[in-house]
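Only one structure is covered here, and it is reproduced in the block below.
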Amino acid sequence: MAVWSGTWVSERLGVELAGDPRLRELLGLALRRNPKRAHLLVSQVLGKHVPQSPGVVWRSGHDLGVRVRELLGPADAARAVVLGYAETATGLGHSVADGLGTAPYLHSTRRPAPGVAQAGGFEESHSHATSHLLLPEDPALLAGPGPLVLVDDEFSTGNTVLNTVRALHARYPRERYVIVALVDMRSAVDRDRLDAFAAEIGARVDLVTLAAGTVRLPDGVLERGQALVARYEAAGAGAGAEAGAGAGTDAGTDARAGAGSGASAAVTGGTEPAGRAAEPAASVRRVELGWPDGVPDGGRHGFTPAHRTRLDAALPAMAARVADALGLAGPDRGGADERIPPRVLVLGCEELMYAPLALGVALERLGRAEVRFSTTTRSPVLAVDDPGYAIRTRLVFPAHDEPADGPGDRYAYNVAGAGFDAVVAVVDSAADTPALHAPDGLLAQLTAHVPHVLLAVVPSYVPAERATMLPEPLRGPAFSSYAPEEVGWLLQDLSDVELEAPTEEREEAIQSGGAHYAESLPVEYQPSDRYQALFHTALATSAARIARAVGTVTETVLAERSPRPVLVSLARAGTPVGVLMRRWALHRHGLDLPHYAVSIVRGRGIDANALRWLAAHHDPADVVFVDGWTGKGAITRELAAALEDFPGFDPEIAVLADPGSCVRTYGTREDFLIPSACLNSTVSGLISRTVLRADLVGPDDYHGAKFYRELAGADVSTTFLDSVAAHFDEVTAAVDADAKELLATDRTPTWDGWAAVERISEEYGIHDVNLVKPGVGETTRVLLRRVPWKILAQRGAGPDLDHVRLLAEQRGVPVEEVDDLHYTCVGLIHPKYTKGATGADGRAVTGR
């Protein structure tokens with residue numbers, strides 16, 4: 001009777017699988033160095049760590065897909081999208097999509113793609129490498145209302161799926177999700193948690209698996225497992241008899257090519273099959289597959305049923321080329337002593353699982369060899385040469401696809417010593433680098449242990465640039481009340497679309513998770529005569545101070561960032577500041593700087609099409625992003641994250657005021673009244689907040705905004721600009737002194753504001769920093785656009801808060817004076833709406 005490949009771990013640590021009798025057929029056990037989970041469930045049918053028949057691997061996923069199709073019914077199946085997880089389940093997800101038949105497929109990735117907008121991301125808490133990106137070439141792929149089918153190799157706690165659904169549901173809400181996994185190993189608590197989450201978001205969540213059960217873990221298993229891993233790793237090659245075990249088993253060892261003549265012998269593991277002698281290592285040979293043009297190498301950026309049809313048509317010819325290159329004439333290779341079919345391993349590369357799997361299935365169908373399939377991985381697992389352990393041997397080699405997170409080791413398990421006559425290593429062209437061919441690289445490792453190595457390279461799919469010509473910026477007076485040279489708006493005009501909703505209705509929809517804040521607009525606040533008078537008084541008393549800050553930040557930009565910067569303001573609060581900075585550069589230095597306004601949406605990032613237009617017309621290195629002020633730094637972080645996919649742009653924002661200490665480039669770090677924060681569109685060129693809604697903004701469109709022409713009679717946009725610019729001459733000396741001092745100062749952000757917000761959140765029992773809006777500007781926004789709970793004001797704060805007090809009075813909001821407040825004031829959003837409230841990241845969060 002065959003020994004179960006989880007016996008070794010089970011006997012030493014007491015780990016047990018309970019539930020479906022099939023679990024032992026589907027899973028083995030191994031150990032790894034991981035601070036969160038020492039044991040590893042090793043699938044026998046996934047094709048990752050354990051070489052398996054490619055037909056078995058593909059059929060496992062395909063049949064799950066058929067069951068999903070039956071569960072959904074024809075109508076919903078036709079609208080479904082399949083999402084797989086990198087790296088382990090990329091091929092499994094493809095196979096599930098094959099079973100569904102009509103579903104497009106996307107898998108998460110850890111490989112960024114410059115120029116491809118991120119449609120989402122999430123964390124896999126227990127994984128060796130946790131951050132996942134979603135980078136569909138077609139942004140609409142995830143935006144449809146049909147069911148989303150999420151595919152992972154195992155469903156152990158549900159954390160990864162919960163993180164994914166939470167992130168995606170906030171952006172693309174839908175009514176139904178189906179979770180597909182080879183095995184469901186959740187505890188009862190985790191099952192209840194998923195049910196509660198589904199009820200919370202108001203969606204149906206189904207689960208489809210091959211088998212279900214639980215992992216029984218005795219107390220202290222993590223610590224004992226880590227100690228066991230450390231002991232075996234320390235034992236090293238050939239010396240690893242387990243202390244006190246009495247079993248005499250040796251620790252499997254790492255093998256690195258170039259280690260000398262003993263490299264092959266150092267790897268313990270399976271023996272050569274009878275009737276086949278070991279052959280000397282040979283050089284690597286290439287085979288041209290004839291990969292069909294236009295078919296992606298996988299689902300990293302999307303894979304459609306049409307792609308699948310074209311690939312299926314090309315696979316038999318590609319398999320025949322591989323068989324010919326290996327000299328596989330058929331199962332009977334000649335003499336009576338050579339009737340054993342050769343054993344061939346098709347080896348994929350990390351996320352590249354489906355292309356080599358499909359090739360392996362086609363090669364297996366030719367009937368000329370015994371074919372097995374597995375892939376390399378970035379996950380380190382202990383190897384132990386024991387029949388009752390799932391990972392018998394491992395090869396270790398450097399990463400060869402220039403990963404975004406830097407160099408590191410990669411692994412191929414159960415390859416060395418497994419009796420393979422040949423390995424077909426399948427990589428994409430991005431991974432066909434000198435590191436792959438280096439003396440310590442993967443190919444050298446393989447040739448040290450397998451007689452014949454064939455390299456097949458699949459062309460890496462690069463998403464095409466948008467063929468649509470992006471429109472030129474909108475300018476006044478056709479769009480905005482600013483003069484045309486003051487700013488170009490990289491937006492689309494949605495002035496004729498009804499987007500406004502009452503504040504309370506909008507707040508409830510946003511915070512319940514039913515809508516994103518950027519999908520609608522608040523009704524424009526119409527200031528009373530008393531409030532208008534406060535604005536003009538505030539402008540008169542603060543114009544010189546604002547002019548000084550404008551001059552200081554502009555001089556800092558010219559000295560440190562670029563002698564001829566391209567100003568790009570974040571619409572709309574940053575746009576008056578961008579106009580003033582442009583005016584200062586023209587007035588003081590005769591520089592006629594270009595200035596554009598772009599949209600950035602919390603939780604969804606910056607307008608990718610606007611960035612593409614900027615990159616096509618200017619050097620990204622000259623672009624300086626401009627905003628009005630910092631609160632706790634949410635937009636600062638949002639911009640930095642959004643620009644990771646657009647190399648060349650500097651994510652550092654230049655702001656007029658930085659009370660949160662979030663940036664290096666600023667005019668002042670005082671929290672004072674900037675009069676442009678008092679009003680909405682009537683001080684921002686009559687432009688609304690920006691809008692991002694799937695039915696209005698397509699993949700080739702800029703984000704949208706409205707031009708409120710009807711409010712021209714109340715417009716003070718030019719009044720604000722002219723009043724500040726009138727003080728430029730008188731503040732010149734002070735600006736020169738301020739700029740000189742700043743340039744010689746350590747301005748490293750301390751994020752003190754964020755820490756202050758966290759303290760306030762706890763002290764007032766909110767427990768959510770997203771509902772705390774710090775600073776005069778953000779407090780004003782709370783009073784104008786949200787449902788405020790109370791206002792915290794620095795004791796003794798003077799005229800800077802007159803407008804805040806008036807707005808609070810009009811809305812019946814208490815103003816509480818406190819000591820030692822980091823900001824002049826702080827707005828707290830009403831706790832009534834904390835369930836599912838939308839925070840500074842634009843995503844729904846759960847109130848406590």
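FYI, side chains are in, hydrogens and waters are out, and symmetry mates aren't considered; it's all heavy atoms of this structure.
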Checking D432 side chain against V427 main chain: does a donor-acceptor pair fall under 3.5 Å? no
Under a plain distance cut-off of 3.5 Å, with no hydrogens placed, do R410 and T376 share a side-chain donor-acceptor pair? no
Side chains of D98 and Y354: any donor to acceptor distance under 3.5 Å? yes
Side chains of D428 and S460: any donor to acceptor distance under 3.5 Å? yes
Is a side-chain donor-acceptor pair under 3.5 Å present for H169 with Y177? yes
Run R186 and D184 through salt bridge (charged side-chain N to carboxylate O under 4.0 Å, His left out) and show every step you take. CA-CA 6 Å; R186 291 173 299 157; D184 175 12; 2.9 Å; yes
For the CG atom of L289 and the CG atom of L359, what is their distance to the nearest 0.5 Å? 6.0 Å
Answer whether the closest heavy-atom distance between the side chains of P459 and D297 falls below 4.5 Å. no
Taking C-beta and beyond as the side chain, do T690 and L491 meet within less than 4.5 Å on heavy atoms? yes
Interatomic spacing from OG1 in T90 to CG in L352 - rounded to 0.5 Å: 7.5 Å
Counting distance only, does the side-chain N/O of E364 pair as donor-acceptor with the main-chain N or O of G55 below 3.5 Å? yes
Is there a donor-acceptor pair under 3.5 Å between the side chain of H301 and the backbone N or O of L135? yes
Check: K48 side chain, M353 main-chain N or O, donor-acceptor pair, under 3.5 Å: no
Tell me if the CD atom of E288 is crowded by more than 12 foreign heavy atoms within 6.0 Å. no
With distance as the sole test, does Y702 use its side chain to make a donor-acceptor pair with the main-chain N or O of L470 at under 3.5 Å? no
Any donor and acceptor pair, going by atom type alone, linking the side chain of D312 with main-chain N or O of A314 inside 3.5 Å? no
Using atom types as modelled and distance alone, determine if a side-chain donor or acceptor of D152 lies under 3.5 Å from a backbone N or O of F155. no
Do T164 and Y85 pair up side chain to side chain, a donor and an acceptor below 3.5 Å, judged on atom types alone? yes
May I ask you to test the V344-V424 pair for a side-chain heavy-atom distance under 4.5 Å? yes
For the OG atom of S60 and the CG atom of L26, what is their distance to the nearest 0.5 Å? 7.5 Å
So do the side chains of L194 and D190 get within less than 4.5 Å of each other, counting heavy atoms only? no
Whether the T433 and E402 side chains hold a donor-acceptor pair (N or O, under 3.5 Å, no angle test) is what I'd like checked. no
Considering only heavy atoms from C-beta outward, does the side chain of E175 approach that of R204 to under 4.5 Å? no
Taking atom CZ of R693 and atom CG of L494, what is their separation to the nearest 0.5 Å? 9.0 Å
Do H49 and Y411 have side chains that approach each other closer than 4.5 Å (heavy atoms only, starting at C-beta)? no
Between S43 and E154, does any side-chain donor sit less than 3.5 Å from a side-chain acceptor? no
Donor + acceptor pair across side chains of S599, H703 (<3.5 Å): yes
Side-chain donor or acceptor of Y413 paired with backbone N/O of T377 under 3.5 Å: no
Looking only at the side chains, is there a donor atom on one of N159 and R193 sitting less than 3.5 Å from an acceptor on the other? yes
Could you pull out the closest heavy-atom pair between P112 and A404, with the gap in Å? CD-CB, 3.4 Å
How long is the straight-line distance from CG of D153 back to CD of E87, given to the nearest 0.5 Å? 10.0 Å
From R612 atom CZ to D700 atom CG, the distance as rounded to the nearest 0.5 Å: 8.5 Å
Would you say that S95 contacts L357 through its side chain, given a criterion of any heavy-atom pair below 4.5 Å between the two side chains? yes
Do E351 and R110 sit within salt-bridge range, that is, some charged N less than 4.0 Å from a carboxylate O? no
With side chain to side chain contact (heavy atoms under 4.5 Å, CB included) as the test, pick out the partner of L455 among V426, L442, L436, V423. L436
For L83 and L168: C-alpha separation, side-chain torsions, deciding distance, then whether side-chain contact (heavy atoms from CB on, under 4.5 Å) applies. CA-CA 11 Å; L83 175 62; L168 290 178; 3.9 Å; yes
Evaluate the side-chain proximity of V45 to V57: yes if any heavy-atom separation is below 4.5 Å, no if none is. no
Listed partners of R365 passing side chain to side chain donor-acceptor pair (under 3.5 Å), at least two apart: none
Okay, side chain of H400, backbone of A431: is any donor-acceptor separation there less than 3.5 Å? yes
What I want to check is whether the side chains of R310 and H307 have a donor and an acceptor closer together than 3.5 Å. no
When you measure from the side chain of D401 to the backbone of A430, do you find a donor-acceptor pair of N or O atoms at a distance under 3.5 Å? no
